[in-house]
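Worksheet: one structure, shown below.
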Amino acid sequence: MPPRLLLFLLPRGSLLPPLRRPSPALSPLIRRIPSNKPPGYFFLSPVRAFSGYSGMAAAGSPEQQPRSVVVKETVELTEKEEQIFRRLLDVVRHFGLGTQLRVAGGWVRDKLLGKDSADIDVALDNMTGQNFCEKVNEYLELIGEEQKGIGVIQCNPDQSKHLETARMLILDIWIDFVNLRSETYAENSRIPTMEVGTAKADAYRRDLTINSLFFNINNNSVEDLTGRGIEDLKKGLIVTPLPAKATFLDDPLRVLRAIRFAARFNFTLAEDLKEAASDERVKSELGSKISRERIGHEIDLMMSDKHPVKAMYDIRDLGLFYVVFSFPENSNPPVFDKCDWQCVSHIEAAWNLAYSIGSSVFNSGSDPKLQQVPVSSYIIKHSLKLKGSDAETVVNIHAASEKFAELVHLLESSFDVRTFKEKLEDEYLEIPTDSVKRVCAGLILREIKDFWRLALLVSILSNPEAENAAGILNKQDELHWRKEKYIRVERAITDLDLDGVWKLKPVLDGKSIMGVMQVKSGGPLIGKWQQRALKWQLAHPNGTMDECIEWMKQSQSKRQKVESST
């Protein structure tokens, strides 16, 4: 389960009003989802934050102070990188191209931080990427090597591709080639007018100073043409090369990129950058000029990285929460005050609990025009344009977490099982008392499948018992309390040998049940017996097909005797 599904802690049961006809804001058509969800939000009661990110907005707090980062003086090339760069220089020299070859952006930054990177983007100062790739193939032919295919990626502003990119394999590594460029933006557009530019102009047009560094392949040196890239990298500071507000108004997506990189490296956002990101005009243009797909992609990257909570706090503290996670206009009940604070607080609580457990990365016939859609599903599918399957999983996790809350009590204590036993049994089925826990847990786990640990986490986070305990516990004790509770329940489920129970093959299928009952067609009656057979199987994990058939026959015989006597 990717960490991005921590977004399940957005508002849960709140529903959009029935839709007679999908509006443009709800395009594409809303898919059918389970309709048995009660109204209301997941946030039944506050969950306290643990790690202290909520203090980030406070002036002078430790999180706001730039920190010292170890930055290498030079780029240390791997043997493969040296071979690739020599090959590229051989092409330049052989044809007398006079081209300065520079590796741009993230590769340089990561290398200086001592991190490996396979994302090599080469910037060219006097030709297009496609033209250079063609020269590479000419050279390969001359030295008797096989020519490589050239992939040309056309400019696509909606995907932040403002210039044509050529791609080809160099010594079995994919390399992107682009020409240096400068750009200017028209009013009300994030699509720039591109021109061939100098390396310095190219550096200044980049989103952040730490991403504006070049590695000059020709002379084997790092070029910091903004004069700030290395300094800001050492300080752990996120800064734009040009004035922040103008940078963000040119391309508002850069606001989210700044937040993402600050979270990835645990760097600090510069004060002028935060002021610009909070500007009402910048926020308005982020919501109007940037596609929902691009916003969703940035959030997906944030939530899949190492510090998703920091990113969510920055989004909230900069006043961007309701721009990024755009809510439907009419929800029932309406969005409550400080919803952004509670959403982020819950995400932090979930992340800390999952991290402390060691599982931060988790391995209907109705008319669709009349459906009601949970707000969490709306946000994931429409505000962020992420996968419909993610939204469906979130809804199912919420539903399962409600059942888990009841199950937790059953598994954790000597809870009176008679209530559960009465719910499970009928006139045909009697479940041994010592099997009630296994049957209850097994049925729920088969519904939620391999997401059961995440549903369990949600149920513990929203457990009122935890909130009562929170009043007398400090933050670390509260986290420990929740962690121990999670571990106990998880151990109880695994002790019952139920991890993977959703893969359990029914001991009797519908056809076999029809044979036992001597009927020629299926129907609701067969479905009921399939459910009974599943409960019997969970209660008798070592039971055979013949034993299950015998139980069915005896059950029917007893029922017939009762009916004949009355």
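The residues of the chain are indexed from 1 along the displayed sequence.
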Side chain to side chain, [X] and [Y], heavy atoms closer than 4.5 Å:
X: Phe267; Y: Ile210; result: yes
X: Thr268; Y: Ile238; result: no
X: Pro541; Y: Asp497; result: no
X: Arg109; Y: Ser117; result: no
X: Lys80; Y: Ile173; result: yes
X: Leu534; Y: Arg446; result: yes
X: Glu348; Y: Tyr313; result: yes
X: Ile120; Y: Trp174; result: no

Please check this pair: side chain of [X] against backbone of [Y], looking for a donor-acceptor N/O pair closer than 3.5 Å.
X: Asp224; Y: Ile230; value: yes
X: Arg482; Y: Leu353; value: no
X: Ser304; Y: Leu301; value: no
X: His297; Y: Glu293; value: no
X: Ser291; Y: Arg294; value: yes
X: Arg167; Y: Asp176; value: no
X: Ser288; Y: Ser284; value: yes
X: Ser278; Y: Leu318; value: yes

Could you tell me which non-hydrogen atom of [X] sits nearest to which non-hydrogen atom of [Y], and how far apart they are?
X: Gly296; Y: Leu386; answer: O-CD2, 3.6 Å
X: Val103; Y: Val108; answer: O-CG2, 3.3 Å
X: Ala311; Y: Ile259; answer: O-CG2, 3.7 Å
X: Lys72; Y: Gly114; answer: CE-CA, 3.6 Å
X: Lys535; Y: Val439; answer: O-CG2, 3.8 Å
X: Ser212; Y: Arg206; answer: CA-CD, 4.0 Å

Parallel, tilted or perpendicular: rings of Phe265 and Phe261 (30°, 60°):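 Phe261 and Phe265: parallel rings.
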Working for side chain to side chain contact (heavy atoms under 4.5 Å, CB included), residues Leu233 and Val69: CA-CA 7 Å; Leu233 200 58; Val69 178; 5.6 Å; no
Atom CD of Glu275: over 12 foreign heavy atoms under 6.0 Å: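 At most 12 heavy atoms, drawn from other residues, nucleotides or ligands, come within 6.0 Å of this atom.
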Looking at [Y] and [X], is any side-chain nitrogen of the basic one under 4.0 Å from a carboxylate oxygen of the acidic one?
X: Asp279; Y: Lys283; result: no
X: Arg281; Y: Glu285; result: yes
X: Arg228; Y: Asp232; result: yes
X: Arg257; Y: Asp207; result: yes
X: Glu298; Y: Arg254; result: no
X: Asp499; Y: Arg453; result: yes

At what distance, to the nearest 0.5 angstrom, does [atom1] of [X] lie from [atom2] of [Y]?
X: Asp116; Y: Glu76; atom1: CG; atom2: CD; value: 10.5 Å
X: Cys440; Y: Leu538; atom1: SG; atom2: CG; value: 10.0 Å
X: Met302; Y: Asp305; atom1: CE; atom2: CG; value: 10.0 Å
X: Leu256; Y: Arg260; atom1: CG; atom2: CZ; value: 9.0 Å
X: Met303; Y: Met312; atom1: CE; atom2: CE; value: 5.0 Å
X: Arg491; Y: Leu496; atom1: CZ; atom2: CG; value: 13.0 Å

Intermediate values then yes/no, side chain to side chain contact (heavy atoms under 4.5 Å, CB included), Asp300 and Leu384: CA-CA 9 Å; Asp300 194 24; Leu384 303 178; over 6 Å; no
Side chain to side chain contact (heavy atoms under 4.5 Å, CB included) between Val344 and Phe321, intermediate numbers included: CA-CA 9 Å; Val344 175; Phe321 186 89; 4.2 Å; yes
Distance-only donor-acceptor check, side chains Trp452 and Glu490, under 3.5 Å: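 Note: Trp452 and Glu490 side chains miss the donor-acceptor criterion.
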Lys274/Glu271 under salt bridge (Lys or Arg N to Asp or Glu O under 4.0 Å): CA gap, chis, key distance, verdict: CA-CA 5 Å; Lys274 291 194 295 183; Glu271 288 300 321; 3.2 Å; yes
Ring centers of Tyr322, Phe327 separated by less than 6.0 Å: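 Ring-ring flag for Tyr322/Phe327: true, centres closer than 6.0 Å.
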Check against side chain to side chain contact (heavy atoms under 4.5 Å, CB included), Asp121 and Trp107: CA-CA 8 Å; Asp121 298 334; Trp107 182 90; over 6 Å; no
Criterion salt bridge (Lys or Arg N to Asp or Glu O under 4.0 Å) on Lys111 and Glu81, from CA distance to verdict: CA-CA 12 Å; Lys111 280 289 187 177; Glu81 289 166 344; 2.9 Å; yes
The single option from Val239, Thr240, Val255, Leu208 passing side chain to side chain contact (heavy atoms under 4.5 Å, CB included) against Thr247: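 Of the listed options, the one satisfying the test is Thr240.
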